[in-house]
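Step one of this worksheet: look at the structure below.
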Amino acid sequence: MRLVIKVGSNVLTRSDGHLDITRMSAIIDQIAWLRSQGHEVILVSSGAVACGRRELAVDHDLDTVEQRQLFSALGQVKLIGLYYDLFREHQLHIGQILTMKENFEPGEQFRNQRACMSVMLENGVIPIVNENDTVSVTELMFTDNDELSGLIAQMMQADMLILLSNIDGIFTGAPGLPGSQLIRTVSPGRDLSEYIQTEKSAFGRGGMHSKYTTAQRVQQAGIKVIIANGEREHIITDLLTCPADTPHTLFET
Ligand code: GLU
């Protein structure tokens with residue numbers, strides 16, 4: 001299978017905003033396992049801005065664009081450096097793809113980007129994708145990395161997209177409240193909008209609304225989508241080996 005796995009900032013960072021290296025390492029162990037099983041993996045990773053914010057204390061005001069540019073530039077280096085070190089332990093090669101929404105318009109840039117990721121996969125290199133937050137223009141940005149991962153899954157004709165956040169999936173009410181139930185499977189065309197909250201996550205730009213929108217689009221393109229909790233131990237391996245016992249929401253094709 002060709003899998004696109006999106007890991008959100010909330011999965012990669014602790015509550016104080018620092019990178020959670022233990023969790024990153026656990027996720028990488030599972031990706032290494034996927035590779036050992038013959039699967040191809042493309043990783044879409046947020047966390048650059050959250051990571052950069054922790055690197056540098058700025059003693060004067062920056063506007064939101066300056067903040068995003070400064071912190072993503074700083075943080076992306078650290079993030080990819082960590083991925084490099086952690087994947088190297090498994091003798092796996094990674095490559096960095098920084099992209100923008102306009103690269104997904106039909107045309108040369110789209111074809112070039114797809115060709116780049118194809119040649120990486122053919123040569124056993126794991127593409128690690130993020131938005132190029134340093135140069136992307138606010139009005140033209142991806143809503144968040146959920147949208148980006150959905151576009152990558154479609155571009156690369158993946159078999160499955162796994163969206164890892166800090167919640168088990170889509171619930172029929174507020175998660176944790178008595179009576180709220182996890183929706184296990186979503187057949188094509190089923191409308192879940194009554195269950196979708198619009199709040200955003202603490203460190204990333206996404207939220208359940210954008211995950212749902214992405215999941216629906218990708219499902220319509222004939223690709224399975226799973227929303228699951230990246231804070232659970234062994235989540236990726238469990239989703240593949242014992243899905244019935246692993247909390248998640250699956251958008252079936
Ligand atoms: N590209 C942003 C980052 O790496 C994250 C966007 C998102 O939260 O989805 O920090």
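Position 1 is the first residue of the sequence; numbering continues from there. Bear in mind that the values here come from a model prediction, so they are computed numbers and not experimental data. For ligands, and for the atoms within them, numbers begin at 1 and follow the listed sequence.
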Arg184 atom CZ, neighbour heavy-atom count above 12 within 6.0 Å = yes

Atoms in ligand 1 with a heavy atom of Asp133 nearer than 4.0 Å | 1 (N), 2 (C), 3 (C), 4 (O)

Does Gly47 reach ligand 1, in the sense of a heavy atom lying below 4.0 Å from it?
-> yes

By number and element, which atoms of ligand 1 are closer than 4.0 Å to a non-hydrogen atom of Ser46?
-> 4 (O), 5 (C), 7 (C), 9 (O)

Ligand 1 atoms in contact with Asp144 (distance to a heavy atom under 4.0 Å) | 9 (O)

Ignoring angles and geometry beyond distance, decide whether Asn130 reaches within less than 3.5 Å of ligand 1 through its nitrogen or oxygen atoms.
-> yes

Atoms in ligand 1 with a heavy atom of Ala48 nearer than 4.0 Å | 3 (C), 4 (O), 10 (O)

Between Asp146 and ligand 1, which residue portion shows a heavy-atom distance shorter than 4.0 Å: side chain, backbone, both, or neither?
-> neither

Is Glu252 salt-bridged to Lys224, going by a charged N under 4.0 Å from an acidic O?
-> no

With a 4.0 Å cut-off, would you call Lys101 and Glu147 a salt bridge?
-> yes

Is any side-chain N of the basic residue among Asp168 and Arg232 closer than 4.0 Å to the acidic one's carboxylate O?
-> yes

Step through the shown structure and confirm whether more than 12 heavy atoms of other residues, nucleotides or ligands are within 6.0 Å of NE2 on His18.
-> yes

Side chains of Arg53 and Gln67, donor plus acceptor under 3.5 Å = yes

Is any N or O atom of Asn145, backbone or side chain, closer than 3.5 Å to an N or O atom of ligand 1?
-> yes

